[in-house]
Amino acid sequence: MDSQSLQSPRKALFQFCAMEFVFGMAGATMVVVVLFLQTKGLSATQVGLVMSINSFVGVVAPPFWGMISDKIRSRYRTLVLTFFFGGVFFALLPVSATIRIGGTLLAVFLLPVGNFFRQPTYSITDTMIVEACKHVPGMEYSFVRMCSSIGYTLMSFLYTPLMNVFSVDFPFYMFGIFCLLVVILSRAIKPFDLKNTEAATQENGAAKSKLHVSRIFKNYYLMVFIIVNMLFAITNGAVQYLVYLVRDVQGDPNAISSMAGIRTVFEILMLLSIVKLKKRFTLPTLLCFGGAVYAIELLLYPLCQSVLLITIVELLDGIGYGLVLGCAVNYTYALSPKGLEATSISLYTIGASLVGILTNAIGGAFIEQFGIRAFYLTTGGIVLFSVLFFLFSFWFGRNVLKQEPPIGLRNR
């Protein structure tokens, strides 16, 4: 570890928080992607198809860039590369929406390309933050990640009036600018990256034979959670279609950004509370709470008859997401076989993207056929099942497989 970072934990914490803050500001652009595609003339089915392709890219990209990272022996350089090109391609989306290739908007092709660079940034930064937390006194993953939520909230609120003035294209130009700023600020990661590279180089010679990916798939509790997290991720895909519910109640679709900002305020509050909650409850218990909140949220949307009610229910998404976000990465990291933490977190991320493919591929067509309210009833039922499945997995593992969970539902 870089000695300066060890001697200045406050400075290291500030650098990570600053980078995550701007990262969150960039992420707010994703809220308006469906709206952007809608305004360019795509039907719900076409939007769903594009978003499913986008999610498929989210599955392929993390392992690809993980191999690149291993090849060049630097997560830092991989992060810079993905942020830079992700920013460029997303900034070009508005222009590409004015160009047609064989009758199809160029933006339809450019969006997945941009996501190919954008998607891996999450797993790379999460892995490095968790690793840094082990070396920087007082640094907590949930606190650093909260800074991303604050940036996300700020821009979500600002995008509604800004889009009314500059159009729905504006957030994509800002995404490019924010990515450039993240590249500049990401130098905070470099010392930790060098430490990890040196450690990996020393360990690989002696322990390379132990780093079999099969160890992950043989880990019952880890694999169960990866599956459960995939089902939880249905919520993230479903919330992207809130613009259809807003239209259904005759609301302003541009308000979707401000609604997301309000939701994220509650996400921040939950992330602030995670440290105290972890002292009272175990990680899997908190994850069950988060999943239950997700299910309640989705099942309440069909009852909403105004933008105000939709906004109130969406606050539950902030609570659920804050709980899951503040615990899931740490839980995955804790269950991971030693030396395969980054790979495990990549699989955790990939799983969510796989479900995103299915949700988006079916979602648009499902909404056109059965309506937005039936869509939320169905997704809510699936997420509720995932919570029950997660709870049952502990009983099954302990009583049938005779495997004690590394982290149980109750504090020992």
Side-chain angles (χ1 to χ4, degrees), residues 23-59 61 85-98 104-122 151-152 155-160 162-163 166-179 233-247 252-261 263-264 314 317 321 352-353 355-364 367 372 375:
F23 188 12
M25 294 174 82
T29 301
M30 298 305 106
V31 177
V32 302
V33 170
V34 171
L35 177 60
F36 171 80
L37 294 173
Q38 265 195 328
T39 59
K40 303 308 176 183
L42 275 68
S43 67
T45 300
Q46 290 171 327
V47 170
L49 179 60
V50 173
M51 294 301 289
S52 66
I53 295 172
N54 213 36
S55 296
F56 174 75
V57 171
V59 173
F85 284 103
V88 169
F89 281 110
F90 270 87
L92 290 174
L93 276 175
V95 176
S96 69
T98 64
T104 304
L105 293 178
L106 178 59
V108 169
F109 303 102
L110 206 62
L111 180 61
V113 174
N115 202 44
F116 179 75
F117 291 97
R118 182 191 69 86
Q119 189 65 40
T121 58
Y122 293 96
Y152 181 96
M155 289 314 300
S156 294
F157 280 123
L158 291 177
Y159 275 151
T160 294
L162 288 171
M163 285 191 296
F166 298 108
S167 85
V168 72
D169 296 344
F170 182 76
F172 297 93
Y173 297 127
M174 293 304 299
F175 184 88
I177 294 173
F178 290 138
C179 282
I234 289 174
T235 308
N236 299 328
V239 169
Q240 293 184 73
Y241 290 95
L242 273 179
V243 63
Y244 291 100
L245 188 58
V246 171
R247 288 186 185 277
D252 177 11
N254 282 351
I256 198 74
S257 181
S258 293
M259 290 165 59
R263 174 198 72 203
T264 314
E314 196 178 6
D317 192 69
Y321 188 67
S353 295
V355 172
I357 295 172
L358 185 61
T359 304
N360 288 312
I362 297 176
I367 291 168
I372 186 65
F375 172 71

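These figures come from a predicted structure and were not determined experimentally.
Residues Leu245 and Leu242 are in side-chain contact: their nearest non-hydrogen atoms beyond the backbone lie under 4.5 Å apart. With contacts defined as side-chain heavy-atom distances shorter than 4.5 Å, the pair Tyr244/Val47 qualifies.
Here the closest heavy-atom approach between residue Phe90 and residue Asn115 is recorded as CE1-N, 3.7 Å. Residue Phe109 comes nearest to Val113 through the heavy atom pair O-CG2, 3.3 Å, listed as atom of the first residue, atom of the second, then distance. Nearest approach of Ala61 to Pro120, heavy atoms of both residues: CB-CG, 3.7 Å. Looking at every heavy atom in both residues, Asn54 comes nearest to Pro112 through OD1-CA, 3.3 Å.
Applying the side chain to side chain donor-acceptor pair (under 3.5 Å) test to Tyr122 and every residue at least two apart in sequence or in another chain returns Arg118.
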Taking distance alone, no hydrogens or angles, what donor-acceptor pairs closer than 3.5 Å link side-chain atoms of residues 28-43 to residues at least two apart or in another chain?
residue, atom, partner, partner atom, Å
Thr29, OG1, Ala26, O, 3.2
Thr29, OG1, Tyr159, OH, 3.4
Thr29, OG1, Pro171, O, 3.1
Gln38, OE1, Arg247, NE, 3.3
Gln38, OE1, Arg247, NH2, 3.4
Thr39, OG1, Leu35, O, 3.3
Thr39, OG1, Phe36, O, 2.7
Lys40, NZ, Asp169, OD1, 3.1
Ser43, OG, Gln46, N, 3.2
Ser43, OG, Gln46, OE1, 3.4

Exercise. Evaluate the criterion side-chain contact (heavy atoms from CB on, under 4.5 Å) for residue pair Arg263 and Tyr321; output intermediate values, then yes/no.
Key: CA-CA 10 Å; Arg263 174 198 72 203; Tyr321 188 67; over 6 Å; no
Quiz item: Between Val239 and Glu314, is a side-chain contact (heavy atoms from CB on, under 4.5 Å) present by the stated rule, with each step listed?
Solution: CA-CA 9 Å; Val239 169; Glu314 196 178 6; 4.0 Å; yes
Quiz item: Could you go step by step and tell me if Phe175 and Leu93 meet the side-chain contact (heavy atoms from CB on, under 4.5 Å) rule?
Solution: CA-CA 11 Å; Phe175 184 88; Leu93 276 175; over 6 Å; no
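Considering CG of Leu111 and CD1 of Ile53, their distance stands at 9.5 Å, rounded to 0.5 Å. Put simply, SG on Cys179 and CZ on Phe85 are 12.5 Å apart, with the number rounded to the nearest 0.5 Å. The distance from the CZ atom of Phe170 to the CG atom of Leu158 is 9.0 Å, given to the nearest 0.5 Å. One finds the CZ atom of Phe172 at 10.0 Å from the OG atom of Ser167 (value rounded to the nearest 0.5 Å).
Ser156 contributes a side-chain N or O that, together with a main-chain N or O of Tyr152, makes up a donor-acceptor pair within less than 3.5 Å.
Heavy-atom neighbours of Phe56 CZ from other residues, nucleotides or ligands within 6.0 Å: at or below the threshold of 12.
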